[in-house]
Every structure is written in structure tokens, then in C-alpha cells.
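Hydrogens, waters and symmetry mates play no part in the numbers below; they use all other heavy atoms, side chains included.
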Amino acid sequence: MGKFAATAGLIAGTISLTALAADLPPPWAYPVAPPSTADAPPSGAEETALKRVPNSQVTFTPAQLRDPYRAPDWHPDEHPSMPEVVAHGRNPGVFACAFCHLPNGQGRPENSSLAGLPAAYIVQQMIDFKSGARKSAEPRMRPPALMLAVAASTTDDEIHEAAAYFSSLEFKPWIKVIETTEVPATQVNGPMLVPSPTGDREPIGTRIIELPENLERTELRDSQSGFIAYVPKGSIAAGEALVSNGGSGKTLPCAACHGPDLKGLGPVPPLAGRSPSYVVRQLYDFQHGVRAGLWSPLMAEVVAKLTIEDMVAIAAYTASRTP
């Protein structure tokens, strides 16, 4: 009996761990870089070497590119004049909004594309961050943690100035969505996934792998270099069914709130063409109660029955739509 009990206990423990793992935030959507992978900053001549990107006459040094109080603006002619909080922030504690979200508001997979979002929506999200109502299901993921810290120190005037600026910008096609069964093996580099230097490939499984089109330009924060999102075969069609008609009762049609073309409706944000990694995180955060701001109850019934596979499908479809 002792041997049987031990075996049963081991099986029960394995099942319990498997169930727990199944409910953890998907690591491909919530990249967390191990501290040991952090690169040392350059020194000497490397630190002062001027960096350039295509279609720009501007130059920056590595030190300037790392300064969160000075957003690298490679293409100043592609956007209006930035408010001070967007371009430089306020030291200490309020980083330049455009340092992470880029001067044209296009954003990156680890954060939100702010261009063209309703100003009222941006303001409310900052209020929710400030109050702690909006958090992340993965507290170790650095960008959401930074948003909580920045929001706590940002004034109401700064929030409204930034919201008006980003809302005035046009969101442009930024992400190429490709259905596939196999993807490059990846590793976490800072806040995002990048291809592994081994060049290996692996099955995509139930994941979205969102990678820079040009890693060097992305690392230089070039606001004209976008991303590729690899999604599972058949996920776009599966997502269309969920988004369009609720998947036979699995969820609610998205168009009712986000507009028939998913380009937003009133203060409700657009979804078309936005980062699928970001969309999965928001669906997961809503479902797990860590995104609980003013408008979050509207999403409660939408996300209640969704599986990770459903979230992947929805995000693949919305990202594939033209903004």
C-alpha cells in the first residue's frame, strides 16, 4: 500500500503541476529576460560611435539611444512636434513616452501601439495604471512594471498632452502576419523575442511568435522598421469565426464595441493591425482579473470561456486586418 500511495501521490502532484503550468501566463506573450542575459553597455570608442538607420540624416550614440529621457527621433518629419512629456519625459521617474512607444506611436510587441487610439481611452488607461487597477499577469515582465511606475509620477496635464498627441497620429500597417507550422527558435532579448543565434527552427504549436523584421534597426528604435508575426496554420480563419459571430456562443462578436471593421468606436480602441502578442496579453489579463479598470467589466463575458488557442486565433485575425 505504501508503494501504491507514493505512486498515486506522485501522479497527483504531476497532474497538479501540469494544471498549474497550464494556467501560467504564456511565456511567448510575456517575455521575461533572465538577468544573466543582460548585455554590458559598450565602452570606449563603441560608446561614442555614431549610429545611423536608412532614410534618416540623424545620428545617435549608443549612450543617447539608451537614455529614457530622450526618445530617439530618427524621422522627425514623419510626425508633429512632440510635447515635452512625449519627447523627454521628466526626470526623475517619468520616462519619455516615445522612448518605448516610438515618436510615431507605432509601438513594439512588448508595449502598446498608441497611434490613433482614442484620447479618452489613453487617459483612462493611465488612470487605471496610476490606481493599480491595471496590472500584468506576469509581474516580472519589465514594460508593464515600468508603466505602473511611470503612471504613478505622471501629472494629469502630462497624461492629457500625451493622449492628445498619440491620438492625433495615424496608425500605419506595421505587422506582417504569416501562417506557418514552423518558426525560428527564439530567445528573450531585453523585453522581446528575437531569433536564436543558432538558426534552429521549431514547431509553432499554440503560439504567436512576433519578431523584428530587422533586428538591428529595431534595437536602434527605428520607427520605420516593423515586425513579423508568425501564427499557427488556420488560426486566422478560426479567429474570424470568433471575432465575427462569437464562435457559436464561445464569446461575443467584437464588432459590437470595436466597430464593424475593428477600427474602433467612440472611446473603444481599434484592434485592426495591432500587435497580436499585445492582444493576447490583454485578453489573458482581463480573464485573470489583473486588468480591472473602469471599462474592464465590458470584457468579462467576452473572455470568460476563451482558451489560449482561442486568444491566439483572435489575435492572429485582428492583426491580419488592415488598420
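- Partner Ser275 forms a side chain to side chain donor-acceptor pair (under 3.5 Å) with one of Glu110, Glu210, Gln106 and no other, that one being Glu210.
- Considering CG of Leu215 and CG of Leu220, their distance stands at 9.5 Å, rounded to 0.5 Å.
- Judged by a 6.0 Å distance limit and a 45° cone about the ring axis, Arg108 is not positioned over the six-membered ring of Phe227.
- Under a cut-off of 6.0 angstrom, the local environment of CD in Glu309 is sparse, with at most 12 non-hydrogen atoms contributed by other residues, nucleotides or ligands.
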**Message:** Show, in sequence, the C-alpha distance, side-chain angles and deciding distance for Trp28 and Ile204, and conclude whether the side-chain contact (heavy atoms from CB on, under 4.5 Å) test is met.
**Reply:** CA-CA 11 Å; Trp28 51 265; Ile204 190 170; over 6 Å; no
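- Considering NZ of Lys130 and CE of Met147, their distance stands at 10.0 Å, rounded to 0.5 Å.
- Here the options are His75, His79, Glu78, the test is side chain to side chain donor-acceptor pair (under 3.5 Å), and the partner is Asn104; only Glu78 passes.
- For the side-chain hydrogen bond (donor to acceptor under 3.5 Å, both in side chains) test, no residue two or more places apart in sequence or in another chain qualifies with Glu170.
- Not one N or O on the side chain of Lys176 forms a donor-acceptor pair closer than 3.5 Å with the backbone of Gly226.
- Using a 4.0 Å cut-off between charged side-chain N and carboxylate O, Arg217 and Asp222 make a salt bridge.
- Arg274 meets the side-chain hydrogen bond (donor to acceptor under 3.5 Å, both in side chains) test with Ser113; sequence neighbours excluded.
- The number of heavy atoms from other shown groups lying within 6.0 Å of CD (Glu301) does not exceed 12.
- Side-chain heavy atoms closer than 4.5 Å link hydrophobic residues (I, L, V, M, F, W, Y) into clusters, and following such links, possibly through other members, connects Val312 to Ile228.
- Residues satisfying the side-chain hydrogen bond (donor to acceptor under 3.5 Å, both in side chains) test with Arg52, not counting sequence neighbours, are none.
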